[in-house]
Amino acid sequence: MQRRKFLQNTALCAVAVSATGFVHFNGESYAGDCETTSDILGPFYRPDAPLRNNLLIKGAPGMEVRLTGTVKHKDCTTPNQGAKVELWHCGADGKYDNASDEFRYRATALCDDKGKYAFTKILPVPYDVGNGMIRPAHFHLLVSAPGYQSLVTQLYFSGDPNIAKDDYASASTAKSRILEVKSTAKGRKMVLFDVTMTEKLAAEPAALDKLTGTYTDEKNKNQKTVFFKRDGQLWRKAGEIIYGINYDYIGNNTFAQSGLPSSLQRTYAFEILEGGLVKMTDTSLDAKGNKSVRIAIKD
């Protein structure tokens with residue numbers, strides 16, 4: 001699907017638990033000495049990828065590479081044993097496997113007792129997303145662990161000429177995620193990426209249960225918005241996007257998608273009305289800074 005269409009389809013959406021430690025919310029973003037920054041989920045996430053470390057496909061083209069690293073607790077030091085790392089990326093043809101039972105170039109790994117994860121795979125390639133936009137080569141990661149808000153991020157590679165023209169890869173928050181592809185003494189290609197989990201703000205599970213469901217627009221009864229819950233986070237179904245889009249709780253009964261530039265931010269704020277009705281206010285800004293507000297009520 002077109003990248004612009006995906007961004008237009010993305011959206012943002014209820015009880016806070018304060019972050020602890022020295023990773024903190026500064027009013028605009030989460031910051032800390034060892035913070036792993038987030039990136040957009042992208043339209044091609046599929047849950048339930050098989051548990052495996054080897055993603056190589058016999059006879060398929062591509063440069064073999066090993067991606068490995070350590071997932072740590074919020075103290076930046078203690079290994080996070082059993083953290084789950086989901087990985088997905090395109091093939092050498094620039095396409096994602098969005099439907100097959102093989103889950104090509106998609107996998108899940110559980111960190112060992114030292115917090116280590118590893119995948120053997122091919123290096124992804126840049127691909128055309130339309131409108132003259134070329135996405136730089138990248139891995140997608142979704143890292144989750146008990147007690148932490150799931151981390152969605154992307155890894156890029158130094159020397160890729162497409163990074164400079166990509167809004168996400170060129171963002172200041174992505175600098176630590178532009179990685180070198182190194183060679184071992186035996187000539188094996190390696191990419192190293194460590195992850196530090198942060199608590200951030202969390203939504204109370206009981207509150208999420210009240211928010212999930214279908215919302216009908218007040219002015220256009222044919223316009224529906226559907227929210228659901230997975231792994232303690234709020235997700236939204238979004239047209240052609242395979243699974244949906246997940247949102248971080250940002251306070252004041254409001255959720256937002258991480259990784260988007262401020263010009264594309266869109267928020268969902270919720271309010272419990274008399275009689276148990278739930279009102280959702282969808283607020284968005286276009287590239288020119290014009291605000292749009294839409295109201296919907298849970299069915």
Side-chain angles (χ1 to χ4, degrees), residues 16-25 29-42 44-55 65-89 103 105-121 124 138-156 173-174 176-179 190-205 208 228-235 243-249 257-259:
V17 177
S18 297
T20 59
F22 53 82
V23 176
H24 62 281
F25 185 70
S29 62
Y30 294 95
D33 293 341
C34 60
E35 178 191 15
T36 302
T37 57
S38 62
D39 207 324
I40 57 171
L41 180 72
F44 304 128
Y45 171 67
R46 291 176 66 188
D48 305 320
L51 192 66
R52 60 187 176 192
N53 300 99
N54 191 328
L55 286 76
V65 65
R66 185 171 176 82
L67 170 66
T68 185
T70 302
V71 178
K72 304 172 185 178
H73 282 280
K74 63 184 180 181
D75 63 2
C76 309
T77 303
T78 308
N80 197 315
Q81 180 179 359
K84 182 171 70 173
V85 181
E86 297 177 68
L87 167 76
W88 66 103
H89 64 87
F103 282 82
Y105 305 121
R106 298 175 182 270
T108 301
L110 298 178
C111 294
D112 64 17
D113 58 356
K114 296 181 179 180
K116 295 284 187 180
Y117 73 91
F119 297 99
T120 300
K121 49 205 296 314
H138 57 280
F139 293 138
H140 292 270
L141 291 180
L142 195 164
V143 186
S144 54
Y148 296 101
Q149 188 163 282
S150 296
L151 169 73
V152 176
T153 197
Q154 295 185 35
L155 312 183
Y156 306 99
T173 53
S176 62
R177 294 183 279 107
I178 300 175
L179 309 175
M190 299 281 292
V191 175
L192 176 65
F193 184 68
D194 292 340
V195 175
T196 298
M197 302 301 291
T198 56
E199 284 182 309
K200 298 188 178 180
L201 296 173
E204 185 69 33
L208 286 181
F228 63 100
K229 183 177 72 171
R230 177 176 183 260
D231 293 339
Q233 285 190 292
L234 194 69
W235 289 67
Y243 184 69
I245 302 168
N246 69 320
Y247 297 100
D248 294 341
Y249 180 62
Q257 183 189 4
S258 61

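A donor-acceptor contact shorter than 3.5 Å links the side chain of Tyr148 to the backbone of Lys74. Checking side-chain atoms of Ser150 against main-chain N and O of Ser144 turns up no donor-acceptor pair under 3.5 Å. A side-chain donor-acceptor contact under 3.5 Å links Gln154 to the backbone of Ile40. One N or O on the side chain of Thr36 and one on the backbone of Thr196 form a donor-acceptor pair closer than 3.5 Å.
Here the straight-line distance linking atom SG of Cys76 with atom CG of Asp194 works out to 11.0 Å at 0.5 Å rounding. Annotation: the span from Leu142 atom CG to Thr153 atom OG1 amounts to 10.0 Å, rounded to 0.5 Å. A distance of 11.5 Å separates CZ in Arg106 from CG in Asp48, rounded to the nearest 0.5 Å. One distance of note links CD of Gln149 with OG1 of Thr198; it measures 7.5 Å at 0.5 Å rounding. With values rounded to the nearest 0.5 angstrom, Leu110 atom CG is found 10.5 Å from Gln81 atom CD. We find the CE-CG distance between Met190 and Leu67 to be 9.0 Å, quoted to the nearest 0.5 Å.
The aromatic rings of Phe119 and Tyr117 lie tilted to each other, with the angle between the two planes from 30° to 60°.
Annotation: side chain of Gln257 is in contact with side chain of Ile245 (closest heavy-atom distance under 4.5 Å). For the pair Asn53/Thr120, no side-chain contact is recorded, criterion being any heavy-atom separation below 4.5 Å from C-beta on. Using a 4.5 Å heavy-atom cutoff, the side chains of Pro79 and Asp113 are not in contact. Ser38 is listed as a side-chain neighbour of Leu151, based on a closest heavy-atom distance under 4.5 Å. Counting heavy atoms from C-beta outward, Lys72 and Thr77 have side chains that stay 4.5 Å or more apart. Taking the side chain as every heavy atom from C-beta outward, Leu87 and Lys121 approach each other to under 4.5 Å. For the pair Thr173 and Arg177, the minimum side-chain heavy-atom distance is below 4.5 Å.
When all heavy atoms of Gly69 and Leu192 are compared, the pair lying nearest together is CA-CD1, 3.9 Å. Of all heavy-atom pairs between Leu41 and Gly244, the closest is CD2-O, 3.4 Å. When all heavy atoms are compared, the tightest approach of Thr37 to Ser176 is OG1-OG, 4.2 Å. The minimum heavy-atom distance linking Leu208 with Gly232 is given by the pair CD1-O, 3.4 Å. Taking all atoms of both residues into account, the shortest heavy-atom contact from His138 to His89 is O-CB, 3.7 Å.
Judged purely by distance below 3.5 Å, without hydrogens or angles, the side chains of Asp248 and Gln233 pair a donor atom with an acceptor atom. Between the side chains of Arg52 and Thr108, no donor-acceptor pair is found at a separation under 3.5 Å. Between the side chains of Asp39 and Tyr156, at least one donor N or O sits under 3.5 Å from an acceptor N or O.
Test Trp88, Phe44, Phe228 against Tyr243 for ring pair (Phe, Tyr, Trp, His ring centres under 6.0 Å) and you get one pass: Phe228.
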Check: Checking side chain to side chain contact (heavy atoms under 4.5 Å, CB included) for the pair Val85/Leu141: CA distance, chi angles, key distance, verdict?
Finding: CA-CA 7 Å; Val85 181; Leu141 291 180; 3.9 Å; yes
Check: Stepwise, does the side chain to side chain contact (heavy atoms under 4.5 Å, CB included) test hold for Phe139 with Val65?
Finding: CA-CA 12 Å; Phe139 293 138; Val65 65; 4.2 Å; yes
Item checked: Steps toward side chain to side chain contact (heavy atoms under 4.5 Å, CB included) verdict (His73, Met197) -> CA-CA 5 Å; His73 282 280; Met197 302 301 291; over 6 Å; no
